[in-house]
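Notes follow once the structure below has been shown.
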Amino acid sequence: MSTSHWKRIVVKVGSALIAPHQQGCSSHYLLGIAQFIATCRAQGCQVVLVSSGSVAAGRHRFPDTAEPSISLKKAMAAAGQADMMATWDKLFDFPSAQLLLTHGDLRDRDRYISIKNTIFTLLDNGLLPIINENDAVTAAKLRVGDNDNLSAMVAAAADADALIICSDVKGLYTKNPNLHEDATLIKQVSEINAEIYAMAGGATSSVGTGGMLTKIEAAEKAISHGIETMIVDGFDADTFNQLLKGQNPGTLFTPYDVPMQEHLHWMMHTSQIQGELIVENDFSADLEEHDTQLTTDDVVAVRGNFSVGDTVLVRKGDGTKLAKAKSNYSSCLLHFIADQEDREFANNAQQKTGPLISDKNIAILEQL
Ligand SMILES: Nc1ncnc2c1ncn2[C@@H]1O[C@H](COP(=O)(O)OP(=O)(O)O)[C@@H](O)[C@H]1O
Ligand SMILES: N[C@@H](CCC(=O)OP(=O)(O)O)C(=O)O
């Protein structure tokens, strides 16, 4: 790990750092992070900031409630977002730009490419993109829901070298350190498996969303894109000195040696499944092999409504998930083919359109 090798990084900052006392924003903990960002930029490394905190920043504008409703949280986000941006802006002597995203934007390939282009245009012109979820407008079905996963999707879109998740703990512990005195810090994770997920609990602060679980999900998304990922303590000013010296102040997740291809990574980790192609329980063909591609004969049922180009889940009848893939057929056409008594229509469609999914647009889910 060495900051001098980074060309582009994403820094994610949690709510507790922005509004530690929930009385509006405070620059207390942001100063060290802002200095780190400025130093990285001065060293020629582009930085994208994913900042949580709009809800926490807007909270004091509303009557005190222990468990605010979803609509109240959206109003808090609307009230706090501008404050949060203004607080960051005061700390930088270079311009920043706001991007508010939803999962609805990221899972649509055209909008995803457009977001990518906007990020690169901002970076190439010396601006600091500051990204948050557009909480105030997002419907439940279109939300990412937490900024850890959002930061990993942004890091993939920005083709970053590193993702630094600044939180209110030193990193990943063997169990939640706020609940267990004997929890110990894990310095390095080279494989994210069930054992690692079992260590991760939810948030215990009143402002955090997702706790360690969403940070592990984010790390998994990022490392499979070849992005080294760190969870660090944003409360501790020394964290950033250590990072600049190339040291690991928290937990480091090492990236895959061979990252997934960009469009497959997007399909696997960002796109939304729109429907399912269900195959026999004994289906055993290698879907990545050019010669064994899926045909209408292999599919025993089609679920959901999807169009050509949408992402579908290929699974067995018993529930085993085989792959996420881009469908070359709409669900309508597949139902129509299934309703035909003779095979001629299916054969003609297959001759014209080819297999249901192509070997180039498939992400195998063997680890799930
Ligand atoms: N194994 C663990 N190691 C460290 N923290 C954990 C663990 N399990 C759960 N947590 C909780 O995760 C919290 C950090 O997540 P969160 O509150 O969402 O912060 P942020 O606002 O930075 O995203 C910690 O304060 C802690 O309560
Ligand atoms: N988008 C929300 C933050 C959601 C979130 O994931 O919060 P956190 O766990 O503090 O990173 C906001 O701006 O308040």
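Worth knowing before you read on, the calculation uses all heavy atoms, side chains too, and leaves out hydrogens, waters and symmetry mates. Counting starts at 1 for both ligands and their atoms, in listed order.
The contact set between ligand 2 and Ser15, taken as ligand atoms under 4.0 Å from a residue heavy atom, comprises 7 (O), 8 (P), 10 (O). Those atoms of ligand 1 with a heavy atom of Ser15 less than 4.0 angstrom away are 21 (O). Each of the following atoms of ligand 1 lies closer than 4.0 Å to a heavy atom of Gly171: 3 (N), 4 (C).
Within the set Ala203, Gly202, Gly201, the minimum heavy-atom distance to atom 11 (C) of ligand 1 is found for Gly202. Proximity annotation for atom 11 (O) of ligand 2: of Lys12, Lys215, Lys73, Lys12 comes nearest, heavy atoms only.
Ring pair His265/His225 is perpendicular by interplanar angle, where above 60° counts as perpendicular and below 30° as parallel. Ring geometry, Trp266 versus Tyr112: the interplanar angle falls from 30° to 60°, so the pair is classed tilted.
Other residues, nucleotides and ligands contribute only 12 or fewer heavy atoms inside 6.0 Å of the CD atom of Gln261.
Counting protein heavy atoms only, atom 19 (O) of ligand 1 is closest to Ser167 OG, 3.4 Å. Residue, atom and distance of the protein heavy atom nearest to atom 25 (O) of ligand 1 are Asp168 OD1, 2.8 Å.
Among the atoms of Gly210, none of the N or O lies under 3.5 angstrom from an N or O of ligand 2.
A ring-centre distance under 6.0 Å is not found for Tyr329 and Phe306.
Side-chain atoms of Gln351 and Asn347 form no donor-acceptor pair, as typed in the model, at a separation below 3.5 Å.
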